[in-house]
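Here's the structure, in structure tokens; my notes come after.
Being a predicted model, the structure only gives us computed values, none of them experimental.
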Amino acid sequence: MKKVVTFILSLCLVLALLIPGLADEVSPETKDSFTPPTVVPAKGIEDFIGEWQFYWIIQDDGTEMNREQMLADGLVDSRAEVTITESELILYTDFEEHLNSIKHEFIPEDGSLKILNGSDEPPVFRLNDNGMLSCLVPPISSISSVGMTCYFIRVTPQP
């Protein structure tokens with residue numbers, strides 16, 4: 001139970017930092033174009049395993065933020081924000097070196113990865129046709145009444 005609460009609180013902290021940045025208006029000239037990729041079913045847990053970085057966030061109200069904006073606002077740095085292994089998910093933040101591991105469950109019926117956080121509507125990771133992961137984060141009433149979809153790119157090991 002402690003791990004579930006820790007995960008939820010950490011996700012809330014990350015989202016609390018990201019949401020104010022998403023509220024800033026971005027002029028049309030500086031806004032990049034992002035077409036959300038198509039979700040495809042993962043063949044197995046191995047499609048999710050690795051280190052991942054935030055790439056783009058789209059709130060349900062249409063507000064967007066790209067990684068460059070997150071970096072400029074100091075919301076993320078050059079390291080991976082999420083590490084997924086066969087048995088756990090670790091969410092890295094500026095607040096802690098890393099969090100306790102959070103359990104997940106691969107759902108073979110639709111090829112998704114459900115976060116076991118004790119919520120009625122847990123975050124769900126899905127594989128996309130371009131190799132990205134997307135994570136649907138339902139609204140968190142204590143922070144925002146707007147849900148969002150976070151897109152992640154795989155961190156490529158440096159040679």
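- In this structure, T149 and P36 have side chains that are not in contact, with every pair of non-hydrogen atoms separated by 4.5 Å or more.
- At a threshold of 4.5 Å between non-hydrogen side-chain atoms, the residues L113 and L133 do not count as touching.
- In this structure, W56 CH2 and T35 OG1 are separated by 9.0 Å, a value rounded to the nearest 0.5 Å.
- Both I45 and V40 belong to a single network of hydrophobic side chains, linked directly or stepwise wherever heavy atoms of I, L, V, M, F, W or Y lie under 4.5 Å apart.
- I57 CD1 to M148 CE: the interatomic distance, rounded to the nearest 0.5 Å, is 6.0 Å.
- For residues 36-46, no residue pair satisfies the side-chain hydrogen bond (donor to acceptor under 3.5 Å, both in side chains) rule, not counting sequence neighbours.
- Nearest heavy atom pair, residue M132 against residue Y55, reads CE-CD2, 3.1 Å.
- Heavy atoms of other residues, nucleotides or ligands lying less than 6.0 angstrom from CD of E86 number 12 at most.
- By the 4.5 Å heavy-atom criterion applied to side chains, L136 and E121 are not counted as neighbours.
- Minimum interatomic distance between I49 and T85 (heavy atoms only, all atoms of both residues): CG1-C, 4.0 Å.
- Heavy atoms only, all atoms of each residue included: R154 and G50 are closest at NH1-CA, 3.8 Å.
- Between F48 and W52, the shortest heavy-atom contact is O-NE1, 2.9 Å.
- We find the CG-CE distance between D73 and M65 to be 4.5 Å, quoted to the nearest 0.5 Å.
- Side-chain atoms of N128 do not come within 3.5 Å of backbone N or O of N130 as any donor-acceptor pair.
- The closest side-chain heavy-atom distance from L91 to I102 is not below 4.5 Å.
- Following chains of ILVMFWY side-chain contacts shorter than 4.5 Å, one can reach Y151 starting from I153, so the two form part of one hydrophobic cluster.
- Proximity of Q53 to V76: side-chain heavy atoms (C-beta onward) are nowhere separated by under 4.5 Å.
- Between Q59 atom CD and E64 atom CD the span is 10.0 Å, to the nearest 0.5 Å.
- Listed by chain and number, the residues in a side chain to side chain donor-acceptor pair (under 3.5 Å) with D110 are S112, R126 (sequence neighbours excluded).
- For F125, the ring-ring contact (aromatic ring centres under 6.0 Å, His included) partners at least two apart in sequence or on another chain are F152.
- Distance CD/E51 to OG1/T83: 4.5 Å, rounded to 0.5 Å.
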